[in-house]
Amino acid sequence: MSIFVIHPAEFHAETGEVRFHYQLEDHRFTERLELGVGFALERAQSLDFAHLLDVAAAILGVSYYKLKAPTQIDLTALSLTAEDQKLIQDVYENGLGEFYTRNDLKRFGQIDFNFAPTLKPVHDLDWPEQSLVLIGGGKDSLVSVDLLTRAEIPFTPFAVNPKGPIVTSTDQIKQKPIFVRRYLSPNLFDLNNQPGFYNGHVPSTAINSAIAALITALYGYNEIILSNERSASEGNVEFDGRQVNHQHSKSFNFEQLIAESFAAASQNKLDYFSLLRPFSEVRIGQLFARTDKFDQHFSSCNENFKQNQDGPTRWCTNCPKCHFVSLILAPFMAPNRLQKIVGKNVLDDATKLNAFRELSGLTGHKPWECVGEILEAAAALWHLAHQDQWRDVAIVKTLKPELDAFYGAPTLESAWDQLLQDTNQHNVPEKYQLNEIARAS
Ligand SMILES: CC(=O)N[C@H]1[C@@H](OP(=O)(O)OP(=O)(O)OC[C@H]2O[C@@H](n3ccc(=O)[nH]c3=O)[C@H](O)[C@@H]2O)O[C@H](CO)[C@@H](O)[C@@H]1O[C@H](C)C(=O)N[C@@H](C)C(=O)N[C@@H](CCC(=O)O)C(=O)O
Ligand SMILES: Nc1ncnc2c1ncn2[C@@H]1O[C@H](COP(=O)(O)OP(=O)(O)OP(=O)(O)O)[C@@H](O)[C@H]1O
């Protein structure tokens with residue numbers, strides 16, 4: 001029977017390089033991170049940093065585990081708290097939910113996680129009051145950047161494998177960023193093309209967050225700030241008795257688990273939260289549109305972030321994200337501004353009718369992409385049908401009667417109103433509850 005083994009990481013303080021080691025049957029994998037240099041040596045030698053390396057080793061293992069998805073995982077070489085163990089189980093179960101669904105693998109509740117006895121951490125680090133803001137190159141991170149800048153709250157931008165829109169977005173921020181380079185084990189790509197190995201989606205936000213935690217310990221930060229919206233908590237399909245969510249590691253449930261793990265790893269000093277959790281995607285679109293200063297510097301299209309993508313893509317205009325982001329920005333801007341951002345008015349392209357039907361729940365299921373709730377897309381489309389500047393574009397004109405027939409106008413009208421209301425279900429600390437700033441026009 002096959003077992004996936006997670007070994008402890010090696011950290012080379014002189015170069016700032018981490019090497020993570022994994023084994024699956026006869027295959028050995030080494031993933032590398034470059035964390036930079038310039039940190040205090042005692043931070044690199046601390047027990048707290050060593051513990052967070054173990055947490056990262058476990059989380060980053062998903063990329064290799066998925067090649068065979070065995071039901072046994074050996075983590076006995078790692079020192080993990082009870083909170084870490086809960087988090088890791090969630091990452092390997094729900095975080096890989098889309099992967100299991102699309103490969104028809106029943107793993108929920110079936111994986112035997114072999115942990116060493118629970119760690120009671122001894123703490124030896126201080127956590128200076130400084131925050132890291134994760135930058136993904138898209139509208140969400142930039143809405144956080146804009147809110148924090150308006151509130152005059154200082155922060156350091158942080159990104160893993162910066163390229164394309166991540167670089168052009170961070171260039172717009174005065175504060176110098178921290179960038180980490182990440183190199184997947186090269187033999188992963190060889191095995192991906194061989195028969196008998198699985199492939200599929202991994203929870204990238206969990207991975208980036210585990211890397212961010214290493215940076216906080218090494219360079220001295222006490223807050224990791226995400227820009228995950230409340231809409232990210234909605235699943236895509238039901239499979240094997242669970243709701244499966246492409247964006248699981250952006251969900252509120254995941255946020256709570258990882259926050260508990262980081263709190264236990266730091267005597268409650270390291271905080272992890274999403275600044276945008278109170279907001280829907282539509283509301284984020286509204287906040288984004290308040291300034292045009294990022295229009296030519298961001299992109300939400302994931303084509304930019306493929307491993308082999310070096311040249312600029314900006315907006316491919318054919319993927320669910322290009323469609324969805326156009327849809328939620330449209331209510332708050334004129335067609336020519338949106339066209340200048342995306343490069344094309346996808347809402348006026350009749351060949352994309354089915355794509356918008358899927359986004360708004362009129363057919364199929366919600367696409368496996370980072371898109372908002374089904375009812376959110378439906379309400380945004382319906383709302384556009386009531387705006388002079390949008391009512392006659394191909395997608396809006398054709399789908400308005402279909403939306404009326406499927407949902408009914410009262411449902412869509414009330415959904416739209418609720419999308420613009422902020423919720424209280426969030427873990428945003430008081431200092432960061434920027435309601436007044438978010439309400440200002
Ligand atoms: C950029 C992208 O969306 N990639 C997804 C795509 O992968 P593809 O094969 O088309 O290209 P690559 O990303 O270059 O991947 C090459 C192979 O490497 C594997 N891999 C990649 C990164 C990694 O951390 N581990 C890996 O094992 C990958 O499986 C390929 O074999 O399709 C894949 C399969 O569905 C996706 O897994 C790729 O997604 C990336 C991991 C990724 O970074 N995606 C984020 C943009 C993303 O999807 N974010 C989500 C949030 C999800 C969450 O729970 O946090 C979102 O925006 O909704
Ligand atoms: N390469 C990365 N390095 C660090 N953080 C990242 C990276 N990619 C995404 N993130 C962070 O992960 C979270 C989810 O990413 P997501 O793609 O939803 O956000 P975004 O890029 O800001 O906006 P959009 O939804 O428009 O793409 C965000 O907090 C984002 O900042």
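Every number for a ligand or one of its atoms is a count from 1 in the order of the listing. Sequential numbering from 1 along the given sequence is applied to the chain's residues.
Residue Phe189 touches ligand 1 through its side chain alone, judged by heavy-atom distances below 4.0 Å. At a heavy-atom cutoff of 4.0 Å, ligand 1 is contacted by no atom of Glu31, backbone or side chain. When heavy-atom distances to ligand 1 are checked against a 4.0 Å cut-off, Asn192 comes that close only through its side chain, counted from C-beta outward. By the criterion of a heavy-atom distance under 4.0 Å, the side chain of Asn199, and not its backbone, is placed next to ligand 1. In Lys66, the part holding a heavy atom less than 4.0 Å from any atom of ligand 1 is the side chain. Contact annotation for Asn245 and ligand 1: no heavy atom of the residue comes within less than 4.0 Å of the ligand. Contacts with ligand 1 closer than 4.0 Å are made by no heavy atom of Val62, backbone or side chain. Within the 4.0 Å heavy-atom criterion, both parts of His201, backbone and side chain, lie near ligand 1.
Of the candidates Gln247, His246, Arg182, His246 brings a heavy atom nearest to atom 50 (C) of ligand 1. Which of Cys370, Gly138, Gly136 comes nearest to atom 58 (O) of ligand 1 through a heavy atom is settled by distance: it is Cys370.
For ligand 1 and Leu188, the ligand atoms under 4.0 Å from any heavy atom of the residue are 27 (O). Residue Ser249 has at least one heavy-atom neighbour below 4.0 Å for each of these atoms of ligand 1: 53 (C), 54 (O), 55 (O). Listed by atom number, the atoms of ligand 1 under 4.0 Å from Ser63 heavy atoms are 23 (C), 24 (O), 25 (N), 26 (C), 27 (O). For ligand 1, the atoms sitting less than 4.0 Å from at least one non-hydrogen atom of Leu184 are 20 (N), 21 (C), 22 (C), 23 (C), 25 (N), numbered in the order shown with element in parentheses. Counting the atoms of ligand 1 from 1 in the order shown, those under 4.0 Å from a heavy atom of Asn302 are 1 (C), 3 (O), 46 (C), 57 (O). Distances below 4.0 Å separate heavy atoms of Gly200 from the following atoms of ligand 1: 29 (O), 34 (C), 35 (O), 37 (O). Numbered from 1 in the order shown, with element, the atoms of ligand 1 that lie under 4.0 Å from a heavy atom of Val202 read 23 (C), 24 (O), 25 (N), 37 (O), 41 (C). Which parts of ligand 1 touch Phe305 is read off a 4.0 Å heavy-atom cut-off, strictly below it: atoms 1 (C).
Taking the ring centre of Phe197 as origin, the terminal cationic atom of Lys68 falls inside the region bounded by 6.0 Å and 45° from the ring axis.
Looking at heavy atoms from C-beta onward, Val180 lies in side-chain contact with Phe158 at the 4.5 angstrom threshold. Counting heavy atoms from C-beta on, the side chains of Tyr272 and Glu255 come closer than 4.5 Å.
Side-chain atoms of Lys321 never come within 3.5 Å of backbone atoms of Cys301 as a donor-acceptor pair (strictly under, hydrogens ignored). Using a distance-only test at 3.5 Å, with no hydrogens or angles considered, no donor-acceptor pair links the side chain of Gln425 to the main chain of Pro278. With hydrogens and angles disregarded, no donor-acceptor distance shorter than 3.5 Å links the side chain of Asn304 to the backbone of Gly164.
The heavy-atom pair separating Leu105 from Tyr198 by the smallest distance is CD2-OH, 3.4 Å.
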query = Could you walk me through whether Ile341 and Met333 pass the side-chain contact (heavy atoms from CB on, under 4.5 Å) check?
reply = CA-CA 11 Å; Ile341 292 175; Met333 54 180 69; 3.8 Å; yes
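Qualifying salt bridge (Lys or Arg N to Asp or Glu O under 4.0 Å) partners for Arg43, counting only residues two or more places apart in sequence or in other chains: Asp126.
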Where does ligand 2 get N/O contacts under 3.5 Å from the protein, atom by atom?
residue: ligand 2; atom: 1 (N); partner: Val160; partner atom: O; Å: 2.9
residue: ligand 2; atom: 3 (N); partner: Val160; partner atom: N; Å: 2.9
residue: ligand 2; atom: 18 (O); partner: Lys250; partner atom: NZ; Å: 2.7
residue: ligand 2; atom: 21 (O); partner: Gly136; partner atom: O; Å: 3.2
residue: ligand 2; atom: 21 (O); partner: Gly138; partner atom: N; Å: 3.0
residue: ligand 2; atom: 22 (O); partner: Ser141; partner atom: N; Å: 2.7
residue: ligand 2; atom: 22 (O); partner: Ser141; partner atom: OG; Å: 2.4
residue: ligand 2; atom: 23 (O); partner: Asp140; partner atom: N; Å: 3.3
residue: ligand 2; atom: 23 (O); partner: Asp140; partner atom: OD2; Å: 3.4
residue: ligand 2; atom: 25 (O); partner: Lys139; partner atom: NZ; Å: 3.1
residue: ligand 2; atom: 25 (O); partner: Asp140; partner atom: OD2; Å: 2.9
residue: ligand 2; atom: 25 (O); partner: Lys321; partner atom: NZ; Å: 3.4
residue: ligand 2; atom: 26 (O); partner: Lys139; partner atom: N; Å: 2.9
residue: ligand 2; atom: 26 (O); partner: Lys139; partner atom: NZ; Å: 3.2
residue: ligand 2; atom: 26 (O); partner: Ser300; partner atom: OG; Å: 2.5
residue: ligand 2; atom: 27 (O); partner: Lys321; partner atom: NZ; Å: 2.6
residue: ligand 2; atom: 29 (O); partner: Ser227; partner atom: N; Å: 2.9
residue: ligand 2; atom: 31 (O); partner: Leu134; partner atom: O; Å: 2.8
residue: ligand 2; atom: 31 (O); partner: Gly136; partner atom: N; Å: 3.2
residue: ligand 2; atom: 31 (O); partner: Ser141; partner atom: OG; Å: 3.0

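Centroid-to-centroid, the aromatic rings of Phe298 and Phe288 come within less than 6.0 Å. Note: Tyr100 and Phe239 fail the aromatic proximity criterion, with ring centroids not under 6.0 Å apart.
In terms of polar-atom proximity, Glu98 is not counted as a contact of ligand 1, lacking any N or O under 3.5 Å from an N or O of the ligand. Between Thr205 and ligand 1, at least one pair of N/O atoms sits closer than 3.5 Å.
Protein heavy atom in closest approach to atom 14 (O) of ligand 1: Gln307 N, 2.6 Å. For atom 44 (N) of ligand 1, the closest non-hydrogen atom of the protein is Ser204 OG, 3.9 Å.
With salt bridges taken as basic N to acidic carboxylate O contacts below 4.0 Å, one links Lys344 and Asp349.
Below 30°, between 30° and 60°, or above 60°: for Phe11 and Phe49 the angle between ring planes is above 60°, a perpendicular geometry. Ring pair Phe254/His248 is perpendicular by interplanar angle, where above 60° counts as perpendicular and below 30° as parallel.
For atom 3 (O) of ligand 1, a protein heavy-atom neighbour is present inside the 4.0 Å cut-off. Within a 4.0 Å radius of atom 11 (O) of ligand 1, the protein contributes one or more non-hydrogen atoms.
Residue-environment remark: CD (Glu129) stays at or below the threshold of 12 foreign heavy atoms within 6.0 Å.
Checked by atom type, the side-chain pair Thr71/Gln110 shows no donor-acceptor distance below 3.5 Å. Side-chain atoms of Asn208 and Thr205 form no donor-acceptor pair, as typed in the model, at a separation below 3.5 Å.
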